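What follows is a set of notes on a single structure, which appears directly below.
First listed ligand is number 1; within each ligand, the first listed atom is number 1. Remember, it's a predicted structure, so these values are computed and weren't measured experimentally. Hydrogens, waters and symmetry mates play no part in the numbers below; they use all other heavy atoms, side chains included.
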Amino acid sequence: MHNIRQYQLPLQRYMAMMDLQEGNERLFYKLLIDNVEELLPIVYTPTVGEACQKYGSIFSRPQGLYISLKEKGKILEVLKNWPERSIQVIVVTDGERILGLGDLGCQGMGIPVGKLSLYTALGGVRPSACLPITLDVGTNNEELLNDEFYIGLRQRRVTGQEYADFLHEFMAAVKQNYGEKVLIQFEDFANHNAFDLLARYGTTHLVFNDDIQGTASVVLAGLVAALKLVGGTLAEHTYLFLGAGEAGTGIAELIALEMSRQTKTPIDECRKKIWLVDSKGLIVSTRKESLQHFKKPWAHEHEHVGNLLDAVNAIKPTVLIGTSGKGQTFTQEVVEAISSFNEMPIILALSNPTSQAECTAEQAYTWSKGRAVFATGSPFDPVEYNGKTHVPGQANNAYIFPGFGLGVVMSGAIRVHDDMLLAASEALAQQVTQENFDKGLIYPPFSNIRKISAHIAANVAARAYELGLASRRPRPKDLVKYAESCMYSPIYRNYR
Ligand SMILES: NC(=O)C1=CN([C@@H]2O[C@H](COP(=O)(O)OP(=O)(O)OC[C@H]3O[C@@H](n4cnc5c(N)ncnc54)[C@H](OP(=O)(O)O)[C@@H]3O)[C@@H](O)[C@H]2O)C=CC1
Ligand SMILES: CC(=O)C(=O)O
Ligand SMILES: [Mg+2]
């Protein structure tokens, strides 16, 4: 840590950590686990975003497995080149929507690498069982195409049947090489592919989309915890999203599902409590024909509303959630408006990295006069307002996917079911203590994450057994203890 701390710039610290991961993996994980709050912003958001943007020019050694269009027809052979045989979790991207930074092509590799290091550090999945993959299907990022240090194919993205065939070959090759029980996490695909891939492979493979499903689970947990501060039930609140893509509609759907279970009301009715704004304004029924399929369930009856401020004033939400990928979109007027009709507005600025957050912590607390219950996707420091310290929570799917993955792996689950996402969410919400609430936090600190992950894993595994989706026999009696016993620990063996 002394060495790492000598670097002034976060990107230099990132590069030092990557060198360490390559040169002394056990020490890398020891540092990451013991200093998680300090190092998470380095190996994960926000610094990993900058690293992906500059990936070509900071490149020293390859990490992960690249599969490019040139390998079409030979993907199985390429997979066989990976030295580890026993893989439990794959995180795969095609780099088209890296955080809120857009199309970074092959340079998106930083994301699968970073996510999988959290699978190990936060969730205890063995490093050798983790495989980061980037599919190089080209990039539409002109700057990268003209960058001498770009590491990927210099061509525009393939789409349509050619893309679908390539993905299909990849999915089939993974199953053939690693069997049915490898968890494939789709990460940072653009929404025009992400929903379709999940629907297409959800019934044949063990797949999970972190941006749609993991994010939904973490946000639902935060909302359930927030109700202890704010009062009311899920169904008594009104939700407004800025951003109706993977994260926005994924979260909205899981809230509606949980609301429907709690109130025994049809899910269609529950969806009416949830409104979304996209780049064209509030999603309303008069726009239904021209909407992408994942937006249609949210096209409620309402007149046209063109922007977020007008939508806030029209809908009067109690909860405002930012999933737009666009920074500074929760303006002072927006935060003041929601604060004018809520004693304690719940405001989540989920977009990553920090530069894309819908507002900063300081803005949220100042403009709401210290009344907002606030969390962000990337970390923000505590803020002093009117003599009180406000600590923003980090609403990031990193709370969920490591424990979720561990639960799937340890139970030998063969499919991911929505109930398993609800189980993960419930377990996370239960880990928020009175001490956390007293600080205004709706998430527990990351310093306890391995214990939290063990509880998430246990709840996910328990649900998988109940659903008949778990193949590991016999079912361990104490699933929390079993989860802990499965976790990788970076300790040196004593050979004496
Ligand atoms: N905290 C966390 O754990 C997570 C955070 N995220 C973050 O969420 C963000 C969005 O991700 P994702 O949902 O996958 O992205 P998508 O591209 O799927 O969705 C983005 C949505 O935002 C809308 N949008 C973009 N700009 C504006 C604007 N100026 N005003 C209103 N709406 C706008 C788009 O509108 P239109 O449909 O009209 O184009 C679209 O509906 C990213 O920054 C990502 O980092 C994602 C996953 C997890
Ligand atoms: C956290 C995450 O998955 C994202 O921002 O895309
Ligand atoms: Mg993501």
Give the atom name of whichever N/O/S atom in D188 sits closest to the Mg ion (ligand 3).
OD1
For Y44, is at least one N or O under 3.5 Å away from an N or O on ligand 2?
no
Out of T323, D211, L291, V219, whose heavy atom sits nearest atom 20 (C) of ligand 1?
T323
Tell me the protein heavy atom at minimum distance from atom 41 (O) of ligand 1, and give that distance in Å.
A244 N, 2.8 Å
Look at the N, O or S atoms of D211, main chain and side chain alike, and state whether any lies under 2.8 Å from the Mg ion (ligand 3).
yes
Show the atoms of ligand 2 that are less than 4.0 angstrom away from any heavy atom in R97.
6 (O)
What is the nearest protein non-hydrogen atom to atom 8 (O) of ligand 1, stated with its residue, atom name and distance?
S351 OG, 3.8 Å
With a 4.0 Å cut-off on heavy atoms, is L99 touching ligand 1?
yes
Heavy-atom contact check, 4.0 Å cutoff: does K295 meet ligand 1?
yes
Please write down residue, atom name and distance for the protein heavy atom closest to atom 16 (P) of ligand 1.
N191 ND2, 3.5 Å
Quick test: of every protein heavy atom, which one is nearest to atom 1 (N) of ligand 1, and how far off is it to 0.1 Å?
A395 O, 2.9 Å
Among R97, H192, E358, whose heavy atom sits nearest atom 12 (P) of ligand 1?
R97
Among protein heavy atoms, which sits nearest to atom 27 (C) of ligand 1, and what does the distance come to when rounded to 0.1 Å?
K326 CG, 3.9 Å
My understanding is that we take every heavy atom of each candidate and find the minimum distance to atom 39 (O) of ligand 1. Doing that for S279, A194, G102, G243, which one comes out nearest?
S279
Numbered atoms of ligand 2 (with element) below 4.0 Å of E187, judged on heavy atoms
3 (O)
Atom 30 (N) of ligand 1 [closest protein heavy-atom partner, distance rounded to 0.1 Å]
L242 CD1, 4.0 Å
Atom name, E187 (N, O or S, nearest to the Mg ion (ligand 3))
OE2
For a quick check under 3.5 Å, do K115 and N397 share a side-chain donor-acceptor pair by atom type?
yes
Quick one: are the ring centres of H168 and Y201 less than 6.0 Å apart?
yes
Atoms in ligand 2 with a heavy atom of L99 nearer than 4.0 Å
4 (C), 5 (O), 6 (O)
Near D210, which atoms of ligand 2 are under 4.0 Å from a heavy atom of that residue?
3 (O)
Shortest protein heavy-atom distance from atom 5 (C) of ligand 1, along with the residue and atom involved:
L350 O, 3.2 Å
Heavy-atom distances under 4.0 Å decide this one: backbone, side chain, both or neither, for T215 against ligand 1?
side chain
